[in-house]
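This report refers to the structure that appears directly beneath it.
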Amino acid sequence: NAGVTQTPKFQVLKTGQSMTLQCAQDMNHEYMSWYRQDPGMGLRLIHYSVGAGITDQGEVPNGYNVSRSTTEDFPLRLLSAAPSQTSVYFCASSQGQGIDEQYFGPGTRLTVT
Amino acid sequence: GEDVEQSLFLSVREGDSSVINCTYTDSSSTYLYWYKQEPGAGLQLLTYIFSNMDMKQDQRLTVLLNKKDKHLSLRIADTQTGDSAIYFCAERNSNSGYALNFGKGTSLLVTP
């Protein structure tokens, strides 16, 4: 199993550009989520999904969209990038049962100039 | 949302014990977690404790849970330089499916 994969690893955008961060998992996990990590702020939840076709907002959803058309994929779209969205983005997935260990991708480091 | 609180930085000498403390917010959390993040990598589950336990030991790791005070601690015995990383305390976020509420992370520096 590849686990949770994220692409790209690094990205530089200009203010106002849009892009999609890709996330995929091959563990047949129902639950997937996106976090952003900023220095001194820990990880903050952007959006999450409890299954294909179901998404909801987390703590910091503004400026981001998500969709979940398949169990495997959970892309995060930046509609019009702003410097405040400069961050490291992590995708995670879990079974949603028992201990419910979250499996994290390696992260995407995004810089918006 | 409500905050999970941790101290931000801890420095210890190799061979000493490290204790990282955390206070959490949701008294209904079934599991509480410690995740480890090494430089440039994602987070990995280090250990967890079920809410009806007071203590859990796993090799060099000891987790203590005080439910009354909503206090969680992680003790690493015989700390090694390879333990240098950021350690996150986390609780299940009851309002966001199975996503987690994380603390801000404690950077552990182990010096020779």
Side-chain angles (χ1 to χ4, degrees), chain A residues 2-7 9-10 21 23 25 27 29-61 66 68 74 88-109, chain B residues 1-9 20 22-26 28-53 56 58 63 65 72 85-108:
Chain A
V4 180
T5 57
Q6 290 184 239
T7 55
K9 284 190 166 51
F10 301 94
L21 307 185
C23 174
Q25 52 91 9
M27 297 173 282
H29 285 168
E30 288 295 323
Y31 297 89
M32 297 186 74
S33 45
W34 276 102
Y35 298 87
R36 59 177 288 173
Q37 183 178 26
D38 302 293
M41 298 292 290
L43 277 82
R44 292 181 291 169
L45 181 66
I46 305 171
H47 285 284
Y48 65 97
S49 168
V50 298
I54 306 169
T55 65
D56 208 341
Q57 297 180 349
E59 182 186 354
V60 288
V66 291
R68 184 96 181 270
F74 190 43
V88 181
Y89 292 85
F90 289 101
C91 178
S93 74
S94 68
Q95 286 182 318
Q97 300 174 26
I99 299 166
D100 194 37
E101 176 178 355
Q102 300 250 335
Y103 291 82
F104 283 81
T108 294
R109 185 174 293 275
Chain B
E2 296 179 72
D3 289 339
V4 176
E5 299 284 347
Q6 301 178 236
S7 53
L8 293 183
F9 187 73
I20 302 172
C22 167
T23 54
Y24 62 96
T25 59
D26 189 348
S28 66
S29 293
T30 307
Y31 291 98
L32 293 152
Y33 308 88
W34 285 102
Y35 278 80
K36 178 182 179 181
Q37 184 182 31
E38 297 187 350
L43 281 70
Q44 284 191 303
L45 181 65
L46 186 64
T47 188
Y48 65 93
I49 188 166
F50 191 51
S51 60
N52 69 353
M53 300 168 66
K56 179 183 178 185
D58 183 2
V63 179
L65 174 60
L72 185 71
I86 303 177
Y87 293 81
F88 291 91
C89 170
E91 62 178 359
R92 184 78 57 81
N93 184 332
S94 59
N95 295 322
S96 300
Y98 280 77
L100 297 176
N101 267 344
F102 286 93
K104 290 181 171 55
T106 299
S107 290
L108 174 64

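Each chain gets a letter, A, B and so on, in the order the sequences are listed, and its residues count up from 1. Worth saying up front: this structure is predicted, and the values here are computed from it rather than measured.
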- prompt: Rounded to the nearest 0.5 Å, how far apart are CD of A/Glu101 and OH of B/Tyr35?
  reply: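 So the gap between those two atoms works out to 5.5 Å.
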
- prompt: Which distance, rounded to the nearest 0.5 Å, do you find between the OH of A/Tyr35 and the CZ of B/Phe102?
  reply: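 If I round to the nearest 0.5 Å, the distance is 5.0 Å.
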
Which atoms of [X] are under 4.5 Å from chain A, going by heavy atoms: the side chain, the backbone, both sets, or neither?
X	answer
B/Gln37	side chain
B/Tyr33	side chain
B/Leu43	both

field: Heavy atoms from other residues, nucleotides or ligands near OH of B/Tyr31 exceed 12 (cutoff 6.0 Å)
entry: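 Yes.
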
field: Heavy-atom neighbours of A/Arg109 CZ exceed 12 at 6.0 Å
entry: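 Atom CZ in A/Arg109 is not packed in, count stays at 12 or less.
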
- prompt: Under a 4.5 Å heavy-atom cut-off, does chain B meet the side chain of A/Gln37, its backbone, both or neither?
  reply: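 Contact with chain B is through the side chain of A/Gln37 alone.
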
message: Is A/Tyr103 close to chain B through its backbone or its side chain, or both, or neither, when contacts mean heavy atoms under 4.5 Å?
response: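 It is neither, since no heavy atom gets under 4.5 Å.
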
query: Of all of A/Met41, A/Met32, A/Gln95, A/Gln102, which one pairs up most often with chain B through heavy atoms under 4.5 Å apart?
result: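 Option with the greatest count: A/Gln102.
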
